[in-house]
**Q** 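Shown below is the structure under consideration.
The chains referred to below are lettered A, B, ... by the order of the sequence lines, with proteins before strands, and numbering in each begins at 1.
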2 protein chains.
Amino acid sequence: MAIIFSKKCEYGIQGVLYLALKGLNTVTPVEEIAAHLDIPREFISKILQGLTANKIIGSKKGKNGGFFLAKPSNKIKLYDVVVAIDGDGIFSQCVLGFPDCSGEYPCPVHDEWSKLIKDTYLMLNSQTVDHFKDKVTRKIHSIGLKKKKNAKSRSVN
Amino acid sequence: MAIIFSKKCEYGIQGVLYLALKGLNTVTPVEEIAAHLDIPREFISKILQGLTANKIIGSKKGKNGGFFLAKPSNKIKLYDVVVAIDGDGIFSQCVLGFPDCSGEYPCPVHDEWSKLIKDTYLMLNSQTVDHFKDKVTRKIHSIGLKKKKNAKSRSVN
DNA sequence: CTATAATCAGATTACATTGTCTGATTTAAA
DNA sequence: TTTAAATCAGACAATGTAATCTGATTATAG
């Protein structure tokens, strides 16, 4: 449609934020992430696999496996995630496609854009974290009821 | 690929900026715009037609016709162009797809993003304008040489 | 008035992104 | 050691965007 991160980026960012809410080193199965964020399971799975290769998150195979945040979210830049998913091709050219856009001859959004992407860390303020932790807890619970039993997240050893 | 305005938006913005360089009420044929910006003629044509319908630019049909800026570029917001081309659907939801993103529970880029899109006017600083005016003049000249004769831009009456 | 140069409009094709499906591999628990 | 639950991997289908093509309409210049 219009202006946006690619779905892959968007989903990747959401996935990382979700893992951040769960806390460092908490292993969470894709199933839960996909259900909560309403993203096709196989799709988010692929994306998270890619982020694993880039050491932004980690994964644990086999039963009770899943993904977990590999470093604190206030150390993860939006830039890191976007580059890990889609490469840095986009950042080598002007957002508006303005020819020869540069510090000297900037397009109308030159400075603000670089700043937005490169200086933003993927962290939420504490008020927001609390709000979503509550929500996630409720949601996991309701998902749990709909399914036979269920995999709970647990700490990595 | 990654993060970006849709091509339609990007081209539309470039078109408006190009018309801005030519000055208010200067009629410029699509051919020139397409050649200079290296955009498929029919594609940019369609996009500019859309912007005409939204009164951001104007058009003049027939021989010596073309498009022209309908109001000063410092009155045209990035937001206006994007909405004219792709609708405001995108602005009704979070850029990151963060659920329930709001002023109270903001995603990591909530404030900066709104500001970037809604407060930016499609104008270039005077240094940049001078730089590109020179460039455009040279380019038009070289295009002119490659073709038999050529349509020059002229003022609307 | 006629020829020409431009916008306008719709249908169609090409391509990239998004999403789905199937199966292999790994690992923990019983 | 067997079973089940998870990641991992690749091929494929569906969708939407980008680009092209063809032709109609409009208006100016001569």
**Q** In whole angstrom, give the distance that lies between atom NZ of B:Lys63 and atom C1' of C:dA3.
**A**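 It is 7 Å, rounded to the nearest whole Å.
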**Q** Judged by each residue's nearest nucleotide on DNA chain D, which is more toward the 5′ side, B:Gly62 or B:Pro40?
**A**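 Its nearest nucleotide lies further toward 5', so the answer is B:Pro40.
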**Q** Measure CG/B:Leu48 against P/C:dA9 and give the value in whole Å, please.
**A**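 Atom CG in B:Leu48 sits about 14 Å away from atom P in C:dA9.
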**Q** For C:dC8, does OP1 or OP2 lie under 4.0 Å from any side-chain N or O of B:Ser59?
**A**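 Result: yes.
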**Q** Quick one: sort the A:His36 and A:Tyr18 rings into parallel, tilted or perpendicular, breaks at 30° and 60°.
**A**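 Answer is tilted, since the angle falls between 30° and 60°.
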**Q** Can A:Thr26 and A:Phe68 be said to form a side-chain contact (heavy atoms from CB on, under 4.5 Å), step by step?
**A** CA-CA 6 Å; A:Thr26 298; A:Phe68 57 91; 5.8 Å; no
**Q** Rounded to the nearest angstrom, tell me the gap between atom CD in B:Glu31 and atom P in C:dT4.
**A**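 Nearest whole value for this atom pair: 17 Å.
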**Q** Between D:dC8, D:dA18, C:dC8, which nucleotide gets closest to the side-chain atoms of A:Gln49?
**A**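 Looking only at side-chain atoms, A:Gln49 lies closest to D:dC8.
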**Q** Taking the six-membered ring for Trp, are B:His131 and A:Tyr105 parallel (under 30°), tilted (30 to 60°) or perpendicular (over 60°)?
**A**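 Because their plane-to-plane angle is under 30°, the rings of B:His131 and A:Tyr105 count as parallel.
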**Q** Measure from CD1 on B:Ile57 to P on C:dA6 and round the result to the nearest Å.
**A**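 Rounded to the whole Å, the gap is 16 Å.
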**Q** Hey, mind stepping through A:Ile39 and A:Gln14 against side-chain contact (heavy atoms from CB on, under 4.5 Å) and telling me if it holds?
**A** CA-CA 10 Å; A:Ile39 299 172; A:Gln14 287 179 44; 4.2 Å; yes
**Q** For the residue pair A:Ser6 and A:Asp86, establish whether any side-chain heavy-atom pair is separated by less than 4.5 Å.
**A**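 Of all side-chain heavy-atom pairs linking A:Asp86 with A:Ser6, at least one is under 4.5 Å.
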**Q** On the nucleotide C:dT18, are OP1 or OP2 found under 4.0 Å from the side-chain N or O atoms that A:Tyr11 carries?
**A**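 Result: no.
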**Q** As a test of reading the structure: which of C:dT18, C:dA6, D:dA29 is closest to the side chain of B:Val30, going by heavy atoms?
**A**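 Out of C:dT18, C:dA6, D:dA29, the nucleotide with an atom closest to B:Val30's side chain is C:dA6.
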**Q** Per the atom types in the model, does the base of C:dG19 pair as donor or acceptor with the side chain of A:Lys46 at under 3.5 Å?
**A**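 Checked by distance alone, the answer is no.
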**Q** Could you check which of D:dA18, C:dC8, D:dC8 has an atom nearest any side-chain atom of B:Lys8?
**A**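 Nearest nucleotide to the side chain: D:dA18.
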**Q** Nearest whole angstrom, please: distance from the C1' of C:dG19 to the CG of A:Leu37.
**A**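 Interatomic distance, CG of A:Leu37 to C1' of C:dG19: 16 Å.
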**Q** Between C:dA6 atom P and B:Arg41 atom CZ, what is the distance in whole Å?
**A**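 To the nearest whole Å, that distance equals 8 Å.
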**Q** Taking OP1 and OP2 of C:dT27, is either one under 4.0 Å from a side-chain nitrogen or oxygen of A:Asn64?
**A**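 No, because none of the side-chain N or O atoms of A:Asn64 sits under 4.0 Å from OP1 or OP2 of C:dT27.
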**Q** Could you check A:Lys61 against B:Phe43 and say which one's nearest nucleotide on DNA chain D is further toward the 5' end?
**A**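 Its nearest nucleotide being more 5', the pick is A:Lys61.
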**Q** Whole angstroms only, please: what is the CD-P distance between B:Gln14 and D:dA18?
**A**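 It is 13 Å, rounded to the nearest whole Å.
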**Q** Just the rounded figure in Å: distance from P of C:dA14 to CD of B:Glu42.
**A**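 It works out to 17 Å between those atoms.
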